[in-house]
Every structure is written in C-alpha cells, then in structure tokens.
Peer 1: 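One structure coming up, written as structure tokens, with questions to follow.
Here the structure is a predicted model, which means the values were calculated and not measured.
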Amino acid sequence: MPELPEVETVRAGLAESLTGAKVQSVIVHDPRSLKRHLAGSRDFIETLSGRKIEAAVRRGKFLWLPLSRKRGEEQLALMGHLGMSGQMLLRSPDFEAEALTRVTIKVRTAERERLELRFVDQRIFGSLAIDFMEETPDGLTAGFSGTNELFSWSNLIPSQAKHIARDPLDPNYDLDAVLKKFKAKHSGIKRVLLDQQVVSGIGNIYADESLWRARIHYDQPASTISNAKASLLMAEVTQVLAAAVEAGGTSFDEQYKNINGESGYFSVSLNAYGMTGLPCNRCGRAIRRDNWMNRGSHYCPNCQKLRTSRASK
DNA sequence: AACACATCCTGACTGC
DNA sequence: TGCAGTCAGGATGTGT
C-alpha cells in the first residue's frame, strides 16, 4: 500500500519520537511478520532488546532504524517494509490494542516517556528484520534521514535494501541513469516505473498519477519514449511524490495511517488512481481502469494513447 | 539477461 | 444473513 510519500510520513514521525529511544522489550504476536529475519523470533527479540535507536532512514519504500552497536560488532539496523498494508503506530502503552498488531516494540524515549511501536499489518506482506549494514555501492549517503549531519552509519545500507535504486527525492538520485535504463527496456513504462531497481519509491498510485500528468499510456514500451518526454515524466514523478509528502500521503481507508493513526489528505489531488468512470480533469472523458498485473491501471483513454510510432511527442 | 507471471496473506466490501 | 466473488498502496522467486 504505502509508497514513498506514505513511508516518508512514517519515517519522519519515527525519527522525531524514537531517536535516542531505548528498546525495553519486544513481543512477536505473529512470527510471519519476521519472515525476512531468518534467525527467528527469539533472535530478533534478544538482538533488539536493550538497543538504542539512533535515527530513522528511508530509501524508496524501505525504512530502517540504525541501532546502537556493541563493541566489535558490525552495524545493525531494524529494517522495516510496510508491504501492502503495514502500519507503524506509536502508542502510549494504555492505548487500546489494534486487532492486527503483529509485533510490539516497547521503548523508553530520550525524554523517558514509555511508548510502544506497534507494527500492524493486515496482509502480512510487510516485515521487520534485524539486518546488518554494508557500504553503499557508490559510497554515498544511503538514504534520507531528515538531517544533513553525517553519522558513522550514513553510508551504510541494510543488506536487504542494497539492491534498491535511489528514489527521486534522494539528493544523489541520478536522472540520467534512469533515462538510460528506460532506453534499454522494452517493457511497458509502468512496469519499469514500478521496478525498484530502476528508480525506487513509486507504486501503483503515483505511477498512474505521473503517467496521467505526462500523458503517457501505461503500456507504452519504455524504450520508445523520447528522452525529452521521459524527462518530463520523471519531473512529474518527482513533483507528485513531493506534493504527496507535503500532504502526509494518500489515504482511502483504514490501510494507511501515520504513526498517530491519522490519514493523509493527498487523495483529494488524485487525477487518475481510483477515479474510474469519473471525467478526466483535463478533457472530460471517463477515466478507465484496466486489469493489469493482477491489479489496476487507471488512465484517460483520450489523453494517454498508446503510440506505435517512435515519435511519442 | 530480460521479461512475464504466480505467489505470499487477510479483511472489507459488493451483489445475489 | 450468508456466501461467493472482487478488490487492495508490494516484492520476490520461478520459468521461459
């Protein structure tokens, strides 16, 4: 569910409340949420307990909390991915339990307040794991942590996120590299936008929104899009992601909430996603939804036409 | 290697 | 009311 703007909203909330917090105890209600922690629940609990959380960092849709290090030990992080339905809620211990809580991490904050980080996930596609960190391939800062200060872990990335490309809001994001990959790919452009190894952070909502803004059909082969048009598309991607971060993300239902359980309000700005049958905000034709990859693609059949010639304006 | 597809899950909602 | 079917913001493993 959550794409970059939703994950960033969560990251910012965690960074504010959990930086400097110490883990008191951990409860694993459903071990399936630790599927990426191969050493199992006990190891997860033992490794995490007593650690200090140093920050909250994000690349694309991957989120991690670097942990205090024991002498001689490699740098570890609590890695999280929200999958389709994951939430990270920060609650006071007496706040009513959420029914689908899979993991509870009890902490004491830097201000000595007791809080619970509750990992709630309906579909269990999301996960938590303790992961070791490696140097980024390019040696640059691994992700966004809301600070310009350099920390000892700043060019380290959890091994499980190492293959993820930089996202468009990353200062070290390389537009030319993305355009080059477009030229080499014959798949439809939407597939390529969703490929987190090409560019990260984009999911179904913001792919549909960006394509609508750039007037490109979702199945247009990436290699047939001119550099100028592809640059425009990526500019729209960047804009729509940034605007959605400003709005605290997109919420349609109970599935996306920030750390306080509040909804984001970007849904009012959507032009394509979830607008099936409603008039296109540009030309008035009804927005269509095609079945696509076991999900949906929303687009305007008039503004976003498949182009067979190489010239796609 | 590049690409397309199936798969991991649960719950909310719709229509008969 | 019950039940079947549909839908959901993602990543990854597998087969061609």
Peer 1: Check whether any side-chain nitrogen or oxygen of A:R289 sits under 4.0 Å from OP1 or OP2 of C:dA8, and answer yes or no.
Peer 2: yes

Peer 1: Has A:F125 got its ring stacked on the base of C:dG10, with centres under 5.5 Å and planes less than 30° apart?
Peer 2: yes

Peer 1: Reading DNA chain C 5' to 3', what string of ( ), [ ], | and . shows its pairs, if Watson-Crick and G-U wobble pairs count only when both distances fall under 3.5 Å?
Peer 2: .|||||||.|||||||

Peer 1: Check A:D131 with A:R36, please: is the shortest side-chain N to carboxylate O separation under 4.0 Å?
Peer 2: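 So A:R36 does not pair with A:D131 through a salt bridge.
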
Peer 1: If the P atom of B:dC9 is compared with that of C:dC3, how far apart are they to the nearest Å?
Peer 2: 24 Å

Peer 1: Quick one: does A:R307's side chain get under 4.5 Å of A:Q220's, heavy atoms only?
Peer 2: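 A:R307 reaches A:Q220 side chain to side chain.
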
Peer 1: Only one of A:D208, A:D290, A:D219 passes salt bridge (Lys or Arg N to Asp or Glu O under 4.0 Å) with A:K190; say which it is.
Peer 2: A:D208

Peer 1: Under the salt bridge (Lys or Arg N to Asp or Glu O under 4.0 Å) definition, can you give me all pairs with a residue in residues 63-72 of chain A, not counting sequence neighbours?
Peer 2: none

Peer 1: With a 4.0 Å limit, can you tell me whether A:R295 has a side-chain N or O closer than that to the phosphate oxygens OP1/OP2 of C:dC7?
Peer 2: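 Answer is no, no contact under 4.0 Å.
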
Peer 1: Which word best sums up how the rings of A:Y273 and A:H298 line up, parallel for under 30°, tilted for 30 to 60°, or perpendicular for over 60°?
Peer 2: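 Rings of A:Y273 and A:H298: tilted, as their planes differ by 30° to 60°.
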
Peer 1: Of the candidate nucleotides B:dC5, B:dT7, C:dA11, which contains the atom at the shortest distance from the side chain of A:K61?
Peer 2: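 Given the options B:dC5, B:dT7, C:dA11, the side chain of A:K61 is closest to C:dA11.
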
Peer 1: What's A:Y273 touching, base or sugar-phosphate or nothing? Going by heavy atoms closer than 4.0 Å.
Peer 2: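 Sugar-phosphate only.
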
Peer 1: Step through it carefully: locate the ring centre of A:F144, locate the ring centre of A:Y173, and say whether they are under 6.0 Å apart.
Peer 2: no

Peer 1: Examine B:dA2: is either OP1 or OP2 under 4.0 Å from a nitrogen or oxygen in the side chain of A:S187? Give yes or no.
Peer 2: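 No, no such contact exists.
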
Peer 1: Side chain of A:L100: nearest nucleotide among B:dC3, B:dG11, C:dG10?
Peer 2: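 So the side chain of A:L100 is nearest to B:dG11.
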
Peer 1: Choosing from B:dT7, C:dA8, B:dA4, which nucleotide comes nearest the side chain of A:R191?
Peer 2: B:dA4

